[in-house]
Number of protein chains: 2
Amino acid sequence: MFIFNIGIFSIFAILATIVYCVQKTQTKNIMSPDYDLTQYQNPLFTVDSVLFTILQDSLKVLLVKRANAPFKGRWGLPGGFVDVELDDNTDMSALRKIKEKTSVAPQYLEQLQAFSGINRDPRGFSVTLVYYALISPQQVATQIDSVDDVRWVDLSEIPDLAVAFDHKHIIEKAKARLQQKALYSMIPVYCLPDQFTIGQLKTAIEAIIAKPIQRKSLVRRIEASNMFEALDEKVKSGGRLAQLYKLKPDVDIVHFERNLSLG
Amino acid sequence: MFIFNIGIFSIFAILATIVYCVQKTQTKNIMSPDYDLTQYQNPLFTVDSVLFTILQDSLKVLLVKRANAPFKGRWGLPGGFVDVELDDNTDMSALRKIKEKTSVAPQYLEQLQAFSGINRDPRGFSVTLVYYALISPQQVATQIDSVDDVRWVDLSEIPDLAVAFDHKHIIEKAKARLQQKALYSMIPVYCLPDQFTIGQLKTAIEAIIAKPIQRKSLVRRIEASNMFEALDEKVKSGGRLAQLYKLKPDVDIVHFERNLSLG
DNA sequence: CCTTATTTGTGTCTTAGGGACATTATTAAG
DNA sequence: CTTAATAATGTCCCTAAGACACAAATAAGG
């Protein structure tokens with residue numbers, strides 16, 4: 001009876017102890033095959049995106065009303081944590097978050113840069129890897145209009161808006177990169193529907209770089225880049241009918257050797 | 001006796017169980033002030049750097065022999081985990097790691113991009129934020145020569161070398177970015193000592209972009225950029241004495257509107 | 001001291017491609 | 001048929017890089 005008691009309870013006790021110890025060492029083993037990773041406090045890591053479009057001839061950015069702390073209720077960039085189950089890499093994390101908010105994939109997606117620091121998140125050292133993306137407004141129109149926690153915000157409104165984290169700064173950086181890139185590439189087409197006129201492209205570029213450009217220069221680049229093909233279709237424009245163009249399938253984005261001038 | 005037995009062992013058992021449970025819930029509480037962060041497995045996050053220099057008129061990259069698994073013994077980029085105690089942000093992590101290997105700070109440091117994926121590290125989903133940096137070989141010469149786990153590797157050797165992780169791919173990306181930037185800026189000066197000749201700069205640029213350039217074009221850019229000042233000192237060069245230049249203090253790096261041609 | 005090889009520094013013409021702007025072509029409205 | 005509006009194109013200008021010749025300065029060798 002005594003033996004039995006020792007047996008039954010000690011087994012229980014030992015089992016519990018074993019579970020605890022296994023749990024501990026497992027954690028240690030997973031985290032430290034050779035290093036002791038536990039000494040490093042892995043930073044908070046998120047992926048955010050600055051999604052741009054052209055609406056009413058001006059540049060807009062997609063903001064989302066935050067549902068959770070920190071900065072609950074404020075506007076911020078769409079993004080969040082990586083889901084290791086769903087995302088093969090951070091590109092897919094960015095894409096997944098954008099799809100959650102717009103229900104479609106953007107035509108253009110590129111890494112901007114990481115922003116990090118000890119103070120940018122109240123929870124501690126954090127890193128956010130930021131992407132910027134371009135999409136045509138038509139693709140998302142219905143989706144956006146039906147919800148009130150997602151909004152296209154004009155870039156001129158940003159300075160006066162209360163924005164979560166350092167997202168205001170991030171948006172400025174993304175805008176600067178987009179502006180620079182608009183000077184030597186055709187990426188602004190990704191803000192347009194897949195059939196577009198030269199006039200629309202000119203307007204989009206001017207909205208992005210906030211300077212007028214020469215239509216002739218644009219035409220020359222369309223020729224030289226060989227990225228586009230003219231459709232046998234024209235469209236009304238308030239004057240002479242405008243030629244429709246579209247991107248050739250599977251073209252690479254050409255980088256011109258000269259920038260458009262910033263006057 | 002029976003009671004006693006129940007008492008002593010069950011207390012033991014219950015204690016162990018309590019310890020285990022407290023451990024579990026504590027972990028949960030720390031991680032979830034508002035979200036449930038535990039549902040997200042935070043990815044492994046590291047910071048690595050591609051440090052370039054010009055040595056024997058050709059472009060070299062600094063590699064470090066890995067002291068730990070994974071890829072123990074292989075050459076890899078200098079880098080590692082963020083130390084939240086020491087680093088205010090990831091720039092400082094990169095700088096700290098470079099200093100550990102070279103004992104000096106590079107003249108130029110810039111974020112390249114993040115590389116991520118489920119397969120790039122055997123330990124699981126990982127993200128590495130990569131910086132690239134330029135330094136003059138004189139600054140590090142003595143330090144490097146005295147150790148055998150740090151080495152300047154010529155870029156032509158990289159394809160045939162066994163390199164840890166996806167670092168080979170990362171080096172190629174960094175090289176491409178450096179080449180691109182050499183076409184429209186003067187960053188190659190950061191591979192030179194702070195006093196240098198036009199001939200040295202020409203050689204450095206040609207080593208980076210792997211194409212000859214026109215000396216005259218370089219002279220024009222030196223004039224136009226207004227970044228440099230001529231010292232009242234000349235130096236031997238195998239022919240006519242060469243004018244020494246240095247960067248003016250606190251200048252911004254000028255971005256030219258046109259690229260040098262790639263022939 | 002003179003010649004030659006070598007590298008630096010400069011002058012100048014060519015070339016590529018964007019800027020400016022005039023002119024023509026189309027379309028809708030009145 | 002006229003007018004306003006936009007599209008499309010032609011032409012000249014301007015800037016900065018490419019190409020290349022040539023002069024200047026230095027070291028080595030005779």
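Residue numbering restarts at 1 for every chain, and letters A, B, ... go by the order of the sequence lines.
The side chain of B:Ile198 approaches C:dG9 more closely than any other nucleotide in the set C:dT27, C:dG9, C:dG19. You'll find that the side chain of B:Gln214 is closest to D:dG18, out of C:dG18, D:dG18, D:dT9. Considering only the side chain of A:Arg221, C:dG18 comes nearest among D:dA17, C:dG18, D:dA8.
In this structure, NE2 of A:His255 is placed 17 Å from P of C:dG17, rounded to the nearest angstrom. One can place CD1 of B:Ile205 at 11 Å from P of D:dG18, the figure rounded to the nearest angstrom. Atoms CD (A:Glu223) and C1' (C:dG18) sit 15 Å apart, rounded to a whole Å. Between the CZ atom of B:Arg215 and the C1' atom of D:dA23 there is a distance of 14 Å, rounded to whole Å. The distance from atom CD1 of A:Ile222 to atom C1' of D:dA8 is 12 Å, rounded to the nearest whole Å.
Residue contacts for B:Leu260: at a heavy-atom cut-off of 4.0 Å it reaches the sugar-phosphate backbone alone, with no base atom in range. At a threshold of 4.0 angstrom between heavy atoms, the contacts of B:Glu257 with the nucleic acid are absent.
Side-chain atoms of A:Tyr245 and A:Gln195 include no donor-acceptor pair closer than 3.5 Å.
Among residues two or more places apart in sequence or in another chain, the side-chain contact (heavy atoms from CB on, under 4.5 Å) test is passed with B:Gln214 by B:Ser217. With sequence neighbours excluded, the residues that form a side-chain contact (heavy atoms from CB on, under 4.5 Å) with A:Met186 are A:Leu201, A:Leu218, A:Arg221, A:Ile222, A:Met227, A:Phe228, A:Phe256.
With A:Gln111 contributing its side chain and A:Leu129 its backbone, the two residues share no donor-acceptor pair below 3.5 Å.
Taking only distance into account, the side chain of A:Lys216 never meets the base of C:dG18 through a donor-acceptor pair shorter than 3.5 Å. Taking 3.5 Å as the limit, the base of D:dT15 and the side chain of B:Arg258 contain a donor-acceptor pair of atoms between them. With hydrogens and angles left out, the side chain of B:Arg220 and the base of D:dA16 share no donor-acceptor pair within 3.5 Å. Below the 3.5 angstrom threshold, one finds a donor paired with an acceptor across the side chain of B:Arg240 and the base of C:dT8.
Under the ring pair (Phe, Tyr, Trp, His ring centres under 6.0 Å) test applied with A:Tyr108, the options A:Tyr131, A:Phe52, A:Tyr190 reduce to a single match, A:Tyr190.
The residue among B:Gly238 and B:Leu244 whose nearest nucleotide of DNA chain C is located toward the 5' end is B:Gly238.
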